[in-house]
Amino acid sequence: MTTALHNSPTVPALGEGARAAPPAGALAWLSGGLTAALGAVGVALGLSVIFGEPRQLRIGWLLPLVGVRLDLDPLGGLFLVATGAVSIAVGIYAVGYAQRERWARFPLAILPLFVAGMLLVPAAGSITTFLVSWELMAAVSLFLVLSEHRREAVRSAGVFYAIMTQLGFASILLALVVLSAAAGGDAFSTISAHVHDLSSGTKTTVFLLTLMGFGSKAGLLPLHAWLPRAHTEAPSPVSALMSAAMVNMGIYGIIRIDLQLLGPGPNWWGLTLMIIGALSAVFGVLQASVATDLKRLLAYSTTENMGLITLSLGAAILLRSSGAPTVAAIALTAALLHLLSHAAFKTLAFLAAGSVLAATGLRDLDKLGGLARRMPVTTVMFGIAALGASGLPLGAGFVSEWLMLQSLIHSPADGNTTLALAMPLSVGAVALTTGLGIAAMVKAFGVGFLARPRSAAAEAAQEAPASMLTGMTLAAAACAVFAVAPALLGPTLRQVLAVLPTVGGHAAGPQLGTFLRLPGVGGSLSPGLLAAALIIAVLLTLGLSRWGARHRPAAAMAPLWASGADTLSSRMQYTATSFAEPLQRVFDNVLRPDIDVEVTHFAESQYLVEKVTFRSRLADPVEQRLYTPVIRAVNAVAEWVRGAHTGSVHLYLAYGATGLLIVLLVTR
Amino acid sequence: MAAALQVVAVLAGAPLVMGGMRQVRARLEGRAGGGIGQPYRDLRKLLRKQQITPQGTTVVFALAPAVAAGSTLLIAAIVPLIALGSPLDSAADLFGVVGLLFLGTVALTLAALDTGTAFGGMGSSREITIAALVEPTILLAVFALSIPAHSANLAAIVSAAMQNPGQVFSPGSVLAFVALVIVTLAETGRLPVDNPSTHLEVTMIHPAMVLEYAGPKLAVVEWASGMRLTVLLALLANLFLPWGVAATDPSALGVLLGLAAITVKVAVLASVLAAGEVFIAKLRLFRVPELLAGSFLLALLAVTASSFLATTTQ
Amino acid sequence: MGILLLVPILAPLAAAALAAVLGWRRLSAWVTILAALSVLITAAVLGFGIESGVRFGVGDLLRVDSLGVTMLLVIGTVGTLATWASIGYIDAELAHRHTDQRGAHLYGVLLPVFLAAMALAVLANNIGVMWAAIEATTVATAFLVGHRRTRGALEASWKYVVICSVGIALAFLGTVLLYFASLHAGASSGQALDLDVLLSRAARLDPDVTRLAAGLLLLGYGAKVGLVPFHTWVADAQSQAPAPVSALMSGVLEAVAFCTLLRVKSVVDLSLGTGFLRTGLLTVGLLTLLVAASMLVVQKDFKRMLAYSSMENMGLIAIAASAGTRLAIAAILLHVLAHGIGKSLVFLAAGQLQAAHDSTAIRDVTGVLTRSRLIGASFAVGLAVLVGLPPFAMFASELSISRALAGAHLAWALGAALPLMVIAFAALVRHGTRMLLGPPDASSPAIAVPRSIAAALLTAVILSVALGMTAGPLTDLFHTAATQLGASH
Amino acid sequence: MTEATYTGALDLAAGAFLLTAVLIVWRRELSAIVRLLAWQGAALAVLPIIEGIYQREPAPIVVGVVVLLLRAVVLPILLARAVGTEDQERRESTPLVNTTASLLITAGLTVLAYAVTQPIIALDRSPTTRALPAVFAVILIAVFVMVSRRRALSQAVGFLMLDNSITATAFLITAGVPLIVELGASLDVLFAVFVLGLLTSHMRVAFGGTDLDQLRELRD
């Protein structure tokens, strides 16, 4: 499959120029170490705020006219912890990755800065500080995305990312300055004190604008298109940071501004969030399930998961205003837990994809395969991540998706038509997302890591160095916690939930213990117990299958049946494209693939086929329908303005004369 | 205690269900059939064969049958087949059960991909497509079932149905039942979604996936798919017709009654299923989504009907 | 103390005289740098030597307030950078025979005259003198724009002189009308155009005449700022002028003209209320932004791109000025300073690119970052400054402008401006990426960087970063300037 | 000088001022235009001289004489030198707007000028301000000349007309701007015309003519 959106990089093309730079051993240690250390600081600070007193810091002289104001509360603390934890794993991983991929000095130097920017966002206590750290984070990430700028795909992804992120920033900027002007203050605390004075028009404006801006950062539809590009082309540790930590900031913004500061909004806010979330989730996972580029698949999976989280946030608003604060608390817990577990498994997935990329130079699943034997640890790591992403039991995403479903099915049935329609459809959307998510992850793991290598590069793959494996192991450990012992996060989430007015503070959230119990509604789950029981059951089955072993001849190896050919060639295998073909056909109307089949006949006869060329392009339909017209309109206006500047000095003076006439007429 | 019995019953009864269904089909098609006990003989034969590992496969291929079978066994331990109050009941609700079911599917799918053959890939690609499309229907049906009980925990659903038997015939319940039947067929690879007895590679789904298994591993695979069918049929029966299910901490008599009840229910359902299969042909693969879309609609209607009904009764 | 006010005007004039006598020599070039530096030092002394307040010099012909000090800072800073870089620039031009000794001589004389005229414009108390100084900058720069004497340079300087002069002439008409109104408000004929007199009598100015005058002044000085409808010279002149001159025109001259506009605004607002000029500034500001953003999108020439970026920024500060609050004015001043330094960076870097490729087409230039670390990094930093990325100061200023607009109930204007700014951002990033990144073409020429230019570039980078971190005592200066301009809170 | 003569003289001067402007619009011969410009300068210079005689003050008379020297002698000579020697350069090539339309537009602009100057006249009803509309009209006509004329020199003439008319406005409504401003302004105009003249001759070398339509290489 050729896609117009990416070129599969090959080994020599990667960092060709970076090779010219001196080996970056010491610098890699410094940069990775600093990144991890910053992450550790973030975790420590976050935890201290969650379980201790809020902290504040004001620096008036820093940043001209603006100043810096940091205010940490449990909500910010939670995001500090998430970002920090991701950074620790990525920092350690980056030490090995940077050396192996020979990173240039500049990206190494700004990697810690990126983490710092991300840690500042949730710590910001005023809209100006928030905006500064937001844009700092965006700018640094842009430069990181561009680190392999010698490749054309990276440059175009970088430009695309820059523009979309700036668009998002502009809309957040507008929303927040309007908010602060209307509330008469810059600090979040001031705003929240005066929020009752705001007109509903202002609130609506702020809500819509922030939704656009934060949604774009979180990769939600329809402003998601930067995500599959930037996350794909960035160096993998950066992809991990972006996909597991940076997109969370979009969610943070929605929670902080729209849920907390603007208070529980009207019903339609919740509904809007749910619709956008559901669309993003389904669209993202659909694209992921037909993607053949490993990192692109993971990037679309990010859109999917952010969609699920947004859906839950919307459900929380809707449930709260329908008089079910306990269920709203479940939805909110589900959102936060899913955010954290997504951070864990997506970090791991991108890091594993990074070690594949480093080992083979390939991201194209159609050329990978057979890594399980060559890179066993990486394969296991990716397996853990994929299990988490597919939301199956034993996976990191299971518990949060379970909570999500519980919140959706326990809406109060008091004749509320909105709820009666929204909730089942949401369950359907979540279910379809999970189902397709499983398909996407099975494809990524099964085609990418199992079976036989589909190219020489994959054949020659070697396991990643120790530091990369260490980073991945940390992330895997986090995944394990989410999978079997989410109870460890119970106290943290409870503290955070208490500061969110959407829940009302008094409604008890779900109890995360060995058994997850949902107060007020029936429902319980024990992921730990389930895991243990499953392991016992599998062992039991293995034991039972020993029955009759005494009578068996000695075990043997045998070649597979090659469908009549001499040996099984890797070209006979299903590829990622063929694997996803049934899904692509089922969702033909949504995906709109562009398929060309070209048959070349021999000159001698019409009936003898010399070769068949098959080309299938999968572009992003949202992009084609929405972005292209906008770009075309901008270009048309620009051309029109250009046409008005012919270079004729007479025309130019005529403009001036017109201006003069207008002034004369207006001022008299 | 009852849970252990459930596991044992499913373990032992699964081949019987398979054998019974094949026999019913054979008779209806005018064949003599291999007899109800044939699956047992097949399993014994397979378990004594040589263990052959295909070259180039990994531990995924080796472990997948055990995972598939193990997850089904676990389901058997959780769901109230004979009696309520399994010790694992609060460890997983219906969503958890669905998750376990998928875990088994995914394990086999990965194993099929692991072989690196064209058939393996084909089978797993189709299996996963269908699984993905089935998921919304299942979860919505779960939703519909959980509305009367205000819980998705199985014991709660079953006991709610026992206390309020009239609800079984409510429109929501009936719609949910039909939807669940369709997904059960899809999940267990029965007609019209898949043909369990086909040998034409191009049309197969599940058989194509397990094509490379032989000997003891094939035995486990076959056994697992039998158990899957059995558990799902039993679950289906008890969710909608919970009569005879023993209460928590049952007496020996209660357990026996429960066992008898579930045996009868599964036997009836399996026979009906087998009889039905005689009269329908397999759907083309790309017509399957239509069937599943239909079942999704049914499930959606079930939920909305239930929630509106719940409103009017209150 | 009053004599100090003469330094920024006389020091460059002295340097010009020396250059006139000596021709293009190292000595005169260094004296010119010292003259520019003296402007900077004077600004520092004036700004921090004594407590805030307006002071007069040479009778009441000259006047310095915090706005004047700020503008002197801008002139001094960018002037120092530009004169410093001029050494390397002119040497290279001579070496490549783009100019001759006579041309270099003329350059050496006119550059300090240009600086002196700008210094006079910000220090003049009489708005008539201010006008004369602004028009003097046109005359002084006409030959600087046409310095290479190619067809393009000639065309650009003709358009520059004609369009600007017409615009400025309208400003003169406005000045005359204001004088008329001021006389009828009871001012004596000798002082009727003095700023302090005008401010004190503003409330008694005839509103009809003042309105006409204000419209003409906005139009006229707008020409020099590069605002619609007299914006058409900007791209031509700034793309044809020598790099240091472009930096001065874009980074300083436009700002100086805007500063006169601010002074006029403080008088007019007292007389007519804020509504009139607010409407005017918003209209021309938004139109300018529209034109600049559009032209950036279709741009094929990197020097013209930088010129349109100046227009974009001027449009933005015009919109900001319409808010007129203390925060807005302070933000404008910060913006102007940061823009001046950033523009020096990009124009000086662009000058070297032009010298290396003998072309200013974007498509001719690729992989600069790999070919010359200094030029590439300077251009990149400059672009980052200009598009308002943190940690550079224009981020803070644009943020403050946004807050000021929202605070002045002009959120709709901000809402209209932001998409245009995003479009401009998109275009700049796209073109910048095209030039800076990617692998270098094998046939690309080497980029030479003379030492003086390298030094100027490094200084500008350091200044940009430092200013982005903190404005230090400048913050107070900006706020005082805003208060002195009568800005509300 | 009586009030009536004063008013009449002012009106006459202003009328002559406007007339020269209209004639400049009419004529195409470059040398004729320059000559007319000199006459206009003279009409301009008369304004302060009349004022000075009426008020019996020497200062305006001095100013008037200086203005006469500058605007009626020095600047036209500068321009005339720039007209050059070549024959084909002596005539304005077809203007962008034909003569009839130009004259109609001129008439329209004059009417507009009357309308626009009403607030100024309202503030100070004196013989001088009453003459203002005629002078103000020249401002608009000058801009129109610059917009519609193709030759570099015609544009320079237009610029000078603009400047003349603004100076005339200043004389009429405020009896001239403060000396230092006048000095600065005159110096600027002098230099500007010098620059334009020099550029014209450079242009003739570089482009082989002074047709401004050739200046269209710089665009996007």
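Sequence lines set the chain letters: A, B, ... in the order given, protein chains first and strands last, and positions in each chain run from 1.
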Decide yes or no on side chain to side chain contact (heavy atoms under 4.5 Å, CB included) for Leu74(B) and Ile536(A), but give the supporting numbers first. CA-CA 9 Å; Leu74(B) 185 54; Ile536(A) 292 170; over 6 Å; no
How long is the gap from CE on Met227(B) to OG1 on Thr541(A), to the nearest 0.5 Å? 6.5 Å
Looking at Arg546(A), Glu581(A), Gln406(A), which one has more heavy-atom pairs under 4.5 Å with chain B than the rest? Gln406(A)
Any side-chain heavy-atom pair from Ile409(A) and Phe95(B) closer than 4.5 angstrom? yes
Among Pro136(B), Ser146(B), Ala156(B), Gly121(B), which residue forms the greatest number of heavy-atom pairs with chain A at distances under 4.5 Å? Pro136(B)
Just so I understand: if I count every heavy-atom pair under 4.5 Å between each of Ala555(A), Pro559(A), Ala556(A) and chain B, which residue has the most? Ala556(A)
Between Ser578(A) and chain B, which part of the residue has a heavy atom less than 4.5 Å away: side chain, backbone, both or neither? backbone
Among Ala111(B), Gly70(B), Ser125(B), residue most engaged with chain A (heavy-atom pairs, under 4.5 Å): Ser125(B)
Given side chain to side chain contact (heavy atoms under 4.5 Å, CB included), test Glu135(B) with Ile438(A) step by step and report yes or no. CA-CA 10 Å; Glu135(B) 176 106 16; Ile438(A) 294 172; 4.2 Å; yes
For chain A, which residues of residues 292-299 of chain B have heavy atoms nearer than 4.5 angstrom: Phe296(B)
Side-chain donor/acceptor of Gln573(A) to backbone N/O of Ala118(B), under 3.5 Å: no
Which of residues 215-223 of chain B have a heavy atom under 4.5 Å from any heavy atom of chain A? Pro216(B), Val220(B)
Main chain of His150(B), side chain of His410(A): is a donor-acceptor contact present, judged purely on distance under 3.5 Å? yes
Structural part of Phe449(A) lying under 4.5 Å from a heavy atom of chain B: neither
Looking at every heavy atom in both Phe143(B) and Leu408(A), which two are closest together, and how far apart are they? CZ-O, 3.7 Å
Return yes if some donor-acceptor pair links the side-chain N/O of Arg126(B) with the main-chain N/O of Pro582(A) below 3.5 Å, else return no. no
Which pairs of donor and acceptor atoms, one on a side chain in residues 101-108 of chain B, lie under 3.5 Å apart (sequence neighbours left out)?
residue   : atom : partner   : partner atom : Å
Thr105(B) : OG1  : Leu101(B) : O            : 3.1
Thr105(B) : OG1  : Arg228(B) : NH2          : 2.7

For Leu387(A), is it the side chain, the backbone, both, or neither that has a heavy atom closer than 4.5 Å to a heavy atom of chain B? side chain
Would you say Ser524(A) and Asn153(B) are linked by a side-chain donor-acceptor pair, where the criterion is simply a distance under 3.5 Å? yes
Closest-packed option against chain A by number of heavy-atom pairs under 4.5 Å, given Val98(B), Thr109(B), Thr117(B), Val59(B): Thr117(B)
So for Met441(A), is it side chain, backbone, both, or neither that comes closer than 4.5 Å to the heavy atoms of chain B? neither
Tell me, side chain or backbone of Leu300(B) under 4.5 Å from chain A's heavy atoms, or both, or neither? side chain
Contact class of Trp547(A) relative to chain B, heavy atoms under 4.5 angstrom: both
Below 4.5 Å from any heavy atom of chain A, which atoms of Ile130(B) appear? Answer side chain, backbone, both or neither. neither
For chain B, which candidate among Ala431(A), Gly435(A), Ser526(A) shows the most heavy-atom pairs at distances under 4.5 Å? Ala431(A)
Could you have a look at Ala580(A), Gly369(A), Ala439(A) and say which one has the most heavy-atom pairs with chain B under 4.5 angstrom? Ala439(A)
Using 0.5 Å steps for rounding, measure from the CD atom of Gln51(B) to the CZ atom of Arg552(A). 5.5 Å
Please report the interatomic distance CG(Leu11(B)) to CG(Leu544(A)), rounded to the nearest 0.5 Å. 6.0 Å
Rounded distance (nearest 0.5 Å) linking atom CD of Gln55(B) with atom CG of Leu560(A): 7.5 Å
Could you go through the side chain to side chain contact (heavy atoms under 4.5 Å, CB included) check for Val430(A) and Leu139(B) one step at a time? CA-CA 9 Å; Val430(A) 173; Leu139(B) 294 196; 5.5 Å; no
Would you indicate whether the side-chain heavy atoms of Leu133(B) and Phe587(A) approach each other to under 4.5 Å? yes
Measure distances from Ala554(A) to the heavy atoms of chain B and classify the residue's part below 4.5 Å as side chain, backbone, both or neither. backbone
Given a strict heavy-atom distance threshold of 4.5 Å, which part of Leu432(A) is in contact with chain B: side chain, backbone, both, or neither? both
Do you know which of Ala152(B), Ser124(B), Gly96(B), Ala144(B) has the most heavy-atom pairs with chain A at a distance under 4.5 angstrom? Ser124(B)
Pair count under 4.5 Å, heavy atoms only, with chain A: among Gly56(B), Pro289(B), Ala214(B), highest is Gly56(B)
Sort and list the pairs that fulfil side chain to side chain donor-acceptor pair (under 3.5 Å) and have at least one residue in residues 56-73 of chain B, not counting sequence neighbours. Thr58(B)-Asp114(B)
Between chain A and each of Val142(B), Val67(B), Leu100(B), count heavy-atom pairs under 4.5 Å; write down the option with the most. Leu100(B)
Are any side-chain N or O atoms of Arg550(A) and backbone N or O atoms of Arg48(B), one a donor and one an acceptor, separated by less than 3.5 Å? no
Who among Gly428(A), Ala537(A), Pro424(A) has the most heavy-atom pairs with chain B under 4.5 Å? Pro424(A)
Smallest separation among heavy atoms of Leu113(B) and Gly446(A), with atom names: CD1-CA, 3.5 Å
Rounded distance (nearest 0.5 Å) linking atom CG of Leu43(B) with atom OG of Ser545(A): 12.0 Å
Where on Leu540(A) is there a heavy atom nearer than 4.5 Å to chain B: the side chain, the backbone, both, or neither? side chain
Nearest 0.5 Å, what's the OG-CG distance between Ser426(A) and Leu140(B)? 10.0 Å
